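Structure, as structure tokens:
Values in this document were obtained by computation on a predicted structure and should not be read as measured data.
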Amino acid sequence: MLVFVAGAGATWLAGIFLSKATDSLDRRLGLGDALGGLILLAVAGTLPEIAIVASAALGGHLELAVGNLIGGIAIQTLVLVILDFAAGPERPLSFLVGSLIPVLEALLVIVVLATVLAGASLPSSVNVAGVSPTSILAVVLWLGGLWIVNRTQKEPMWKVDMPGSRRGRRSRREHHPQEPRPYEKRSTAFVGGVFGLACAVTLAAGVALQSSGSSLAGRMSLQGAIFGATILAAATALPEISSGIAAIRLGDHQLAVGDILGGNSFQVTLFLLADLLAATPVIVAAKRSDVWLGGAGLLMTGIVATAVIARPRHTRLRLGIDSIALLAIYAGVIALLPKVT
């Protein structure tokens with residue numbers, strides 16, 4: 001338990017430094033202007049999951065890897081409820097977003113997650129050099145979707161008027177008068193060193209989380225899939241909570257929502273990494289609980305996209321009706337989880 005808590009704390013702390021260093025490098029090098037840079041930013045933002053999945057796949061704990069990747073979608077989507085609360089009592093976060101870009105990002109999550117879930121129906125003998133064809137297709141679809149989102153953000157083919165919205169910046173490279181600029185007076189080499197150190201700590205913490213989590217799941221008589229989809233996924237979501245609240249405080253509502261959805265879509269592509277390391281299609285190890293939680297992730301993501309378009313105006317207990325729906329759905333999913341194992 002101490003190792004698990006220490007790993008979660010190290011993930012959170014290293015995630016803060018990693019986020020600051022990544023933003024600084026993005027401003028200096030313009031990483032978000034190219035597809036390769038966008039991929040690098042996505043990898044940096046999902047390092048805890050990468051470490052856990054890699055460690056689990058190499059250690060043969062395939063259920064834990066599947067549970068963390070699929071179940072993590074629902075948990076991380078639930079982070080939007082915390083961000084909605086942080087946005088204040090006047091208007092829901094979905095009302096303030098003021099952009100249709102998060103809708104495209106949500107659709108990308110649905111597309112890649114549905115693709116991977118379909119792979120659970122295939123036998124392990126259906127593979128390409130040990131890799132599930134759905135894992136490969138998910139990566140191809142994610143790359144295509146990332147290009148579409150980036151192109152649409154730069155050259156939108158629509159004009160949308162959302163009265164009362166407070167979208168904020170489209171990119172962190174844009175100047176914000178109230179945003180602290182960490183490492184502004186430091187050299188690029190120094191910032192790169194911080195980035196590398198934060199990555200190393202995050203990866204080490206991820207390995208500690210996986211190994212201690214696997215042991216805890218056994219001692220608590222929990223399936224690895226359930227532990228990975230709930231407790232482990234919640235631990236790796238801590239950096240997203242910190243960076244999301246920071247974005248909300250700056251008024252960057254579109255960025256806050258987009259970061260969560262973008263991280264979710266990239267996370268699904270890690271099935272390719274897991275397949276390569278395990279030398280077998282990992283999704284075949286999916287349990288009924290994984291399909292149940294995957295369905296919840298699809299439903300919750302659809303609600304987020306719908307709310308951004310419908311823009312509910314009123315809050316209850318500082319939450320929009322969409323956030324209340326997310327809470328209710330997730331509570332019901334967890335309550336019924338023991339019935340589907």
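- Using modelled atom types, no side-chain atom of His253 and backbone atom of Leu93 make a donor-acceptor pair closer than 3.5 Å.
- Here Ser135 pairs with Asp275 under the side chain to side chain donor-acceptor pair (under 3.5 Å) rule; sequence neighbours left out.
- In this structure, the side chains of Leu83 and Val257 stay at 4.5 Å or more apart for every pair of heavy atoms.
- Between Leu270 and Ile50, some side-chain heavy-atom pair lies under the 4.5 Å cut-off.
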Exercise. Go through Leu317 and Ile324 one step at a time and tell me if the side-chain contact (heavy atoms from CB on, under 4.5 Å) criterion holds.
Key: CA-CA 9 Å; Leu317 302 176; Ile324 295 173; over 6 Å; no
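- Side-chain contact of Asn127 with Ser132: a donor-acceptor pair under 3.5 Å is absent, judged by distance alone.
- Linking Ile, Leu, Val, Met, Phe, Trp and Tyr whenever their side-chain heavy atoms come within less than 4.5 Å puts Ile75 and Val5 in one cluster.
- Residue pairs that meet the side-chain hydrogen bond (donor to acceptor under 3.5 Å, both in side chains) test with at least one member in residues 155-165, sequence neighbours left out, do not exist here.
- Between Arg167 and Leu96 the shortest side-chain heavy-atom distance does not fall below 4.5 Å.
- Counting only heavy atoms from C-beta outward, the side chains of Ser94 and Arg311 never approach each other to under 4.5 Å.
- A donor-acceptor pair is defined here as one N or O able to donate and one able to accept, closer than 3.5 Å; no such pair exists between the side chain of Arg219 and the backbone of Ser214.
- Contact annotation: the side chain of Val149 approaches that of Glu105 to within less than 4.5 Å [non-hydrogen atoms, C-beta and beyond].
- Judged as a side chain to side chain donor-acceptor pair (under 3.5 Å), and not counting sequence neighbours, Ser212 has no contacts.
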Review item, side-chain donor-acceptor pairs of residues 187-206, under 3.5 Å, at least two apart:
unit_1: Ser187; atom_1: OG; unit_2: Phe190; atom_2: N; d: 3.2
unit_1: Thr188; atom_1: OG1; unit_2: Arg28; atom_2: NH1; d: 3.2
unit_1: Thr202; atom_1: OG1; unit_2: Ala198; atom_2: O; d: 2.7

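- With contacts defined as side-chain heavy-atom distances shorter than 4.5 Å, the pair Val116/Leu69 does not qualify.
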Practice problem: Report the C-alpha separation of Leu100 and Leu104 in whole Å, then their side-chain angles, then the decisive distance to 0.1 Å, and conclude whether the side-chain contact (heavy atoms from CB on, under 4.5 Å) test is met. | Solution: CA-CA 7 Å; Leu100 294 181; Leu104 287 176; over 6 Å; no
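- A 4.5 Å side-chain heavy-atom check between Leu336 and Val340 finds every atom pair outside the cut-off.
- Each of Leu47, Thr46, Ile52 was checked for a side chain to side chain contact (heavy atoms under 4.5 Å, CB included) with Thr236, and the lone residue meeting it is Ile52.
- Between the side chain of Asn150 and the backbone N or O of Trp147, no donor-acceptor pair lies under 3.5 Å.
- In this structure a side-chain-to-backbone donor-acceptor pair under 3.5 Å is missing from Asn68 to Val53.
- Sorted by first then second residue, the ring-ring contact (aromatic ring centres under 6.0 Å, His included) pairs that include residues 2-29, not counting sequence neighbours, are Phe4-Phe227.
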Self-check item: Met220 vs Ile231, side-chain contact (heavy atoms from CB on, under 4.5 Å): CA-CA, chis, key distance, verdict
Solution: CA-CA 12 Å; Met220 296 168 65; Ile231 301 174; 4.2 Å; yes
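- In this structure a side-chain-to-backbone donor-acceptor pair under 3.5 Å is present from Trp292 to Val333.
- By the rule that hydrophobic residues join a cluster once side-chain heavy atoms approach within less than 4.5 Å of another member, Phe95 and Phe85 end up as members of separate clusters.
- Using a 4.5 Å cut-off between side-chain heavy atoms of Ile, Leu, Val, Met, Phe, Trp and Tyr, with links allowed through other members, Val109 and Val291 fall into different hydrophobic clusters.
- Counting heavy atoms from C-beta outward, Ile309 and Val103 have side chains that approach closer than 4.5 Å.
- In the hydrophobic cluster analysis, where Ile, Leu, Val, Met, Phe, Trp and Tyr join through side-chain heavy atoms closer than 4.5 angstrom, Val268 is grouped together with Leu277.
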Quiz prompt | Evaluation steps, side-chain contact (heavy atoms from CB on, under 4.5 Å), between His314 and Ile321 | solution = CA-CA 8 Å; His314 303 291; Ile321 187 64; over 6 Å; no
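- Atom CE of Met300 and atom CG of Leu293 lie 10.0 Å apart (nearest 0.5 Å).
- Under the 4.5 Å side-chain contact rule for hydrophobic residues, Leu299 and Ile334 share a cluster.
- At least one donor-acceptor pair closer than 3.5 Å links the side chain of Asp290 to the backbone N or O of Lys287.
- Gln76 is linked by a side chain to side chain donor-acceptor pair (under 3.5 Å) to Asn264, Gln267, counting only residues two or more places apart in sequence or in another chain.
- A distance-only check finds no donor-acceptor pair linking the side chain of Ser55 to the backbone of Ala51 [under 3.5 Å].
- Neither side chain, Trp142 nor Thr269, offers a donor N or O lying under 3.5 Å from an acceptor on the other.
- In this structure a side-chain-to-backbone donor-acceptor pair under 3.5 Å is present from Thr306 to Gly302.
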